[in-house]
Amino acid sequence: MVKLNVAILARDNESEIADCLRSVDWADERVVILDTRSADRTAEIARSLGAQVVEHRFENFARQREFGLGLFTPGEWLFYLDSDERATPALGEEMRRVIQDGIAEGWWVPRRNFFWGHEVRYGGWRPDYQLRLLHVGRAHYDMTREVHEIVMLDGIDGHLREPLIHYNYRTMAQFTAKQHQYVAYEAAILYKQGVRPKPWTYLFQPLREFHRRYIILRGYHDGWFGLVLCAWVAYYYGFVVTWRLGR
């Protein structure tokens, strides 16, 4: 049997790491890659549930995930999970089946997203495929993508049917903190690529992002919640990214 391992990136996740680890108790090995800035009981809880904890200094998401790949032997399989995500037994069974078949080197997992207790079905948040099941030795991360990482596969990819459950944000404070973190990375990437805002970009970029989420990706089907969410995302990925580029 080919080994199926799980790795979880974590920092100060004591409130959710236990549920996350229990959702993958079918894995051959569970490893928590702990950001060295973490100051709570995440490591203690993870070890109590049988997980291996490896501390590693955080530089960016791509480098952290690339480090995780290096913890396993080429030929094994690694499923990446975030601490606010939950896998199901059905997803675990499907992953074991496809890695035995050997028809792909990486698999995209559909994700169901929950914002403040609401499942979001439109606006680009479902099925929200994530390339998370990787054949170790045949996959690497693009180091130029420091956030919203890109996997480079030496081979073909496939798509799974069983979903991953993602509890994105439970509070507005958590949402805004994460968005500021993400847009800082996005702005830095664009700046390195030579992108600079024009005066009209401050207005039209948020409008374009809102139109894409709410109209083209049919965010309006999620009702008032879809309207609010698309507006907030347009603000951060339109105006705030542009503002950071122009500083």
Side-chain angles (χ1 to χ4, degrees), residues 6-13 16-17 20 31-39 42 54-72 78-85 105-109 111 113 115 124-125 128-154 157 164 166-169 173-197 201-202 205-206 208-209 212-213 232-247:
V6 171
I8 303 164
L9 303 188
R11 178 194 174 190
D12 293 333
N13 297 123
E16 53 194 3
I17 194 66
C20 180
V31 174
V32 174
I33 302 169
L34 190 68
D35 183 342
T36 53
R37 297 171 296 176
S38 190
T42 300
V54 178
E55 294 191 8
H56 187 256
R57 183 174 67 88
F58 184 89
E59 296 180 53
N60 58 58
F61 291 98
R63 291 190 180 278
Q64 201 77 338
R65 292 194 188 276
E66 186 70 16
F67 170 79
L69 282 172
L71 297 175
F72 299 93
L78 176 61
F79 174 50
Y80 258 122
L81 189 68
D82 289 342
S83 60
D84 58 0
E85 295 172 336
E105 305 299 336
W107 291 86
W108 296 84
V109 184
R111 200 164 59 166
N113 289 293
F115 288 71
W125 284 286
D128 188 27
Y129 280 101
Q130 303 290 316
L131 186 51
R132 294 289 190 81
L133 180 58
L134 307 173
H135 195 179
V136 180
R138 308 299 295 274
H140 294 282
Y141 283 87
D142 180 353
M143 292 295 104
T144 66
R145 288 296 307 178
E146 298 177 356
V147 68
H148 300 140
E149 311 85 86
I150 295 176
V151 180
M152 298 177 292
L153 284 179
D154 181 15
D157 57 2
L164 180 64
H166 186 201
Y167 297 108
N168 302 58
Y169 308 104
Q174 186 185 34
F175 174 78
T176 55
K178 282 287 187 180
Q179 300 318 302
H180 280 292
Q181 180 185 20
Y182 292 152
V183 299
Y185 280 114
E186 290 287 354
I189 292 169
L190 292 171
Y191 191 87
K192 291 176 183 177
Q193 294 173 350
V195 177
R196 300 294 184 271
T201 309
Y202 294 89
Q205 186 58 30
R208 278 195 293 267
E209 180 64 15
R212 185 178 76 88
R213 291 277 184 182
W232 272 110
V233 172
Y235 167 73
Y236 281 106
Y237 286 88
F239 177 77
V240 178
V241 168
T242 303
W243 176 76
R244 282 183 171 273
L245 280 172
R247 290 172 60 181

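Computed over heavy atoms, backbone and side chain alike; hydrogens, waters and symmetry mates excluded.
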Tell me, do [X] and [Y] make a side-chain contact under 4.5 Å, heavy atoms counted?
{"X": "Asn168", "Y": "Phe175", "answer": "no"}
{"X": "Val151", "Y": "Tyr80", "answer": "no"}
{"X": "Arg132", "Y": "Glu85", "answer": "yes"}
{"X": "Glu105", "Y": "Asp154", "answer": "no"}
{"X": "Leu131", "Y": "Leu153", "answer": "yes"}
{"X": "Leu164", "Y": "Phe79", "answer": "yes"}
{"X": "Arg213", "Y": "Trp125", "answer": "yes"}
{"X": "Asp84", "Y": "His166", "answer": "yes"}

Separation between [atom1] of [X] and [atom2] of [Y], rounded to the nearest 0.5 Å:
{"X": "Leu245", "Y": "Leu190", "atom1": "CG", "atom2": "CG", "value": "5.5 Å"}
{"X": "Ser38", "Y": "Ile33", "atom1": "OG", "atom2": "CD1", "value": "13.5 Å"}
{"X": "His140", "Y": "Leu134", "atom1": "NE2", "atom2": "CG", "value": "10.5 Å"}
{"X": "Arg138", "Y": "Leu69", "atom1": "CZ", "atom2": "CG", "value": "13.5 Å"}
{"X": "Gln130", "Y": "Glu149", "atom1": "CD", "atom2": "CD", "value": "9.0 Å"}
{"X": "Ile8", "Y": "Leu34", "atom1": "CD1", "atom2": "CG", "value": "11.5 Å"}

side-chain contact (heavy atoms from CB on, under 4.5 Å) partners for Asn60, two or more places apart: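 Asn60 satisfies side-chain contact (heavy atoms from CB on, under 4.5 Å) with Ala62, Arg63, Glu146, Tyr185 only.
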
For Arg212, all residues meeting side-chain contact (heavy atoms from CB on, under 4.5 Å), sequence neighbours excluded: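 By the side-chain contact (heavy atoms from CB on, under 4.5 Å) rule, Arg212 matches Glu209, Leu217.
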
Heavy-atom closest contact ([X] atom, [Y] atom, distance):
{"X": "Ala10", "Y": "Val32", "answer": "CB-CG1, 3.8 Å"}
{"X": "Pro206", "Y": "Ala234", "answer": "O-CB, 3.5 Å"}
{"X": "Gln64", "Y": "Arg57", "answer": "OE1-O, 3.4 Å"}
{"X": "Cys20", "Y": "Ser83", "answer": "CB-O, 3.6 Å"}
{"X": "Val183", "Y": "Tyr236", "answer": "CG1-O, 3.5 Å"}
{"X": "Val136", "Y": "Phe72", "answer": "CG1-O, 3.6 Å"}

From CA spacing to verdict: side-chain contact (heavy atoms from CB on, under 4.5 Å), Thr36, Phe58: CA-CA 7 Å; Thr36 53; Phe58 184 89; 5.9 Å; no

Whether Tyr182 and His148 hold their rings parallel, tilted or perpendicular, with breakpoints at 30° and 60°: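 It falls in the tilted class, 30° to 60°.
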
Parallel, tilted or perpendicular, as decided by the 30° and 60° cut-offs, for the rings of Tyr235 and Trp232: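 Because their plane-to-plane angle is over 60°, the rings of Trp232 and Tyr235 count as perpendicular.
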
Cation-pi geometry met for Arg196 and Tyr191 (6.0 Å, 45°):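 Judged by the rule, Arg196 and Tyr191 form a cation-pi pair.
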
Partner residues of Tyr169 under the side-chain hydrogen bond (donor to acceptor under 3.5 Å, both in side chains) criterion, sequence neighbours left out: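 Here the qualifying residues are Gln179.
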
Candidate pair Phe61 and Gln181, rule side-chain contact (heavy atoms from CB on, under 4.5 Å), full reasoning: CA-CA 11 Å; Phe61 291 98; Gln181 180 185 20; 3.8 Å; yes

Whether Glu66 side chain and Tyr141 backbone form a donor-acceptor pair below 3.5 Å: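 Yes, Glu66 side chain to Tyr141 backbone: donor-acceptor pair under 3.5 Å.
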
Heavy-atom donor-acceptor pair, Glu16 side chain to Asn13 backbone, under 3.5 Å: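 Answer holds: no.
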
Thr42 and Arg11: CA distance, side-chain angles, deciding distance, side-chain contact (heavy atoms from CB on, under 4.5 Å) verdict: CA-CA 7 Å; Thr42 300; Arg11 178 194 174 190; over 6 Å; no

